[in-house]
Amino acid sequence: MLHMADPLRIIGIRTGFFGEVVQLVRDQISKQASKAALGLLIEMCPWGRNRVKAVESGAVSVLVDLLLDSSERRACEMALAALDVLCQCAEGRAEFVKHAAGLAVVSKKILRVSTVATEKAVRILLSVGKSSATAAVLQEMLQIGVVAKLCLVLQVEGSGRAKDKAREVLRLHARVWKNSPCVPPTLLSSYPAARGLRW
């Protein structure tokens, strides 16, 4: 139905509909229902103000909690894809950084689930790093190992896109992070500033 719907109808969907979709994800009735609901969020949120409607329905918190509880590859990939879409709006990023486990759980999924999951997770961190990087957020990223994980992305074989985005996050905040004792010495050689990369 979604693929056949008039774009104006998709843009005009009410917040209550997103509340029902988010509830499906939260309730975990079945894997099929959860994946269908996640698919709806991924497909519908880019339209109009649908991102904001989904955020207002509690989607960010539910997605972070799902990532905390799930180790199933496809569910993690879809949850990260939905979070990536929601973090493209200010309201989504605000809810994400407000969640006590948001940065930690997204960082944890990097290099542990799949190439797709790593790319989505790094994109989320880039969205936060570009537009929501308060001093407190940058300090949290250091303390919980996000910066070290981004350095690790640069060292391992894998997606060039993930590496490019990880490098961009590290460059954005090089002055804050490059001399931090929270970045393990073994990873410091991967830090863009340490490698003499151009700014």
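Every heavy atom of this structure was used, including side-chain atoms; hydrogens, water molecules and symmetry mates were not. We number each residue from 1, following the sequence as shown. Fair warning: this is a prediction, and the values are worked out from it, not measured in the lab.
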*Is the shortest side-chain N to carboxylate O distance from Arg167 to Asp164 below 4.0 Å?*
yes
*Calculate, to the nearest 0.5 Å, the distance between atoms CG and CE belonging to Leu41 and Met78 respectively.*
9.0 Å
*Write down the atom of Ala54, the atom of Cys45, and the distance for their closest heavy-atom approach.*
CB-SG, 3.6 Å
_Salt bridge present between Lys53 and Glu56 (N-O < 4.0 angstrom)_ = no
*Find the distance between NZ (Lys108) and CG (Leu68) and round it off to the nearest 0.5 Å.*
8.0 Å
*asked:* Quick check on the hydrophobic clustering: are Leu80 and Val113 connected, directly or via other members, by side-chain heavy-atom contacts under 4.5 Å?
replied: no
_What I'd like to find out is whether the side chain of Gln88 reaches to under 4.5 Å of the side chain of Arg123, using heavy atoms alone._
yes
*Shared hydrophobic cluster for Val85 and Leu83 (ILVMFWY, side-chain gaps under 4.5 Å)*: no
_Test of understanding: with salt bridge (charged side-chain N to carboxylate O under 4.0 Å, His left out), list the residues that count as partners of Glu91, not counting sequence neighbours._
none
*Can you tell me how far CZ of Arg74 sits from CG of Leu38, rounded to the nearest 0.5 angstrom?*
9.0 Å
*Ser34 and Gln28: which non-hydrogen atoms are nearest, and at how many Å?*
OG-NE2, 3.3 Å
*asked:* Please check: side-chain N/O of Trp177 versus main-chain N/O of Leu172, any donor-acceptor pairing under 3.5 Å?
replied: no
*Check the surroundings of atom NZ in Lys35: do more than 12 heavy atoms from other residues, nucleotides or ligands lie under 6.0 Å from it?*
yes
*CG of Leu150 to CD of Glu168: how many Å apart, nearest 0.5 Å?*
11.5 Å
*So which heavy atom on Ala166 is nearest to which on Val122, and how close?*
N-CG1, 3.5 Å
*Are the charged groups of Lys98 and Glu95 less than 4.0 angstrom apart, N to O?*
yes
*Are Val116 and Leu66 grouped together when hydrophobic residues (ILVMFWY) are joined by side-chain heavy atoms under 4.5 angstrom apart?*
no
Could you pull out all donor-acceptor pairs under 3.5 Å where a side-chain atom in residues 17-27 meets a protein atom, sequence neighbours excluded?
from  : atom 1 : to    : atom 2 : distance (Å)
Gln23 : OE1    : Arg26 : NH1    : 2.9
Gln23 : NE2    : Asp27 : OD1    : 2.7
Gln23 : NE2    : Asp27 : OD2    : 3.4

*Looking only at heavy atoms, what is the nearest atom pair of Ile110 and Ala121, with distance?*
CG1-CB, 3.5 Å
_Donor-acceptor under 3.5 Å (Ser70 side chain, Cys76 main chain)_ = no
*Please answer whether the main-chain N or O of Leu126 pairs with a side-chain N or O of Lys165 as donor and acceptor at a distance below 3.5 Å.*
no
*What about Val52 and Val62, same hydrophobic cluster or not, with Ile/Leu/Val/Met/Phe/Trp/Tyr joined at side-chain heavy-atom distances under 4.5 Å?*
no
*State, yes or no, whether a side-chain contact exists between Leu125 and Leu103 at a heavy-atom distance under 4.5 Å.*
yes
*Any donor and acceptor pair, going by atom type alone, linking the side chain of Arg51 with main-chain N or O of Leu86 inside 3.5 Å?*
no
*Test item: Lys149 side-chain N/O and Ser107 main-chain N/O as donor-acceptor pair under 3.5 Å*: yes
_Quick check against the 3.5 Å criterion: does Asp84 have a side-chain atom that pairs as donor or acceptor with the backbone of Lys120?_
no
*Would you kindly confirm whether Ile144 and Leu170 end up in one hydrophobic cluster when ILVMFWY residues are joined by side chain heavy atoms under 4.5 Å apart?*
yes
_Shortest non-hydrogen separation from Ala162 to Glu119 and the atoms involved_ = CB-CG, 4.0 Å
_What I'd like to find out is whether the side chain of Val137 reaches to under 4.5 Å of the side chain of Ser132, using heavy atoms alone._
no
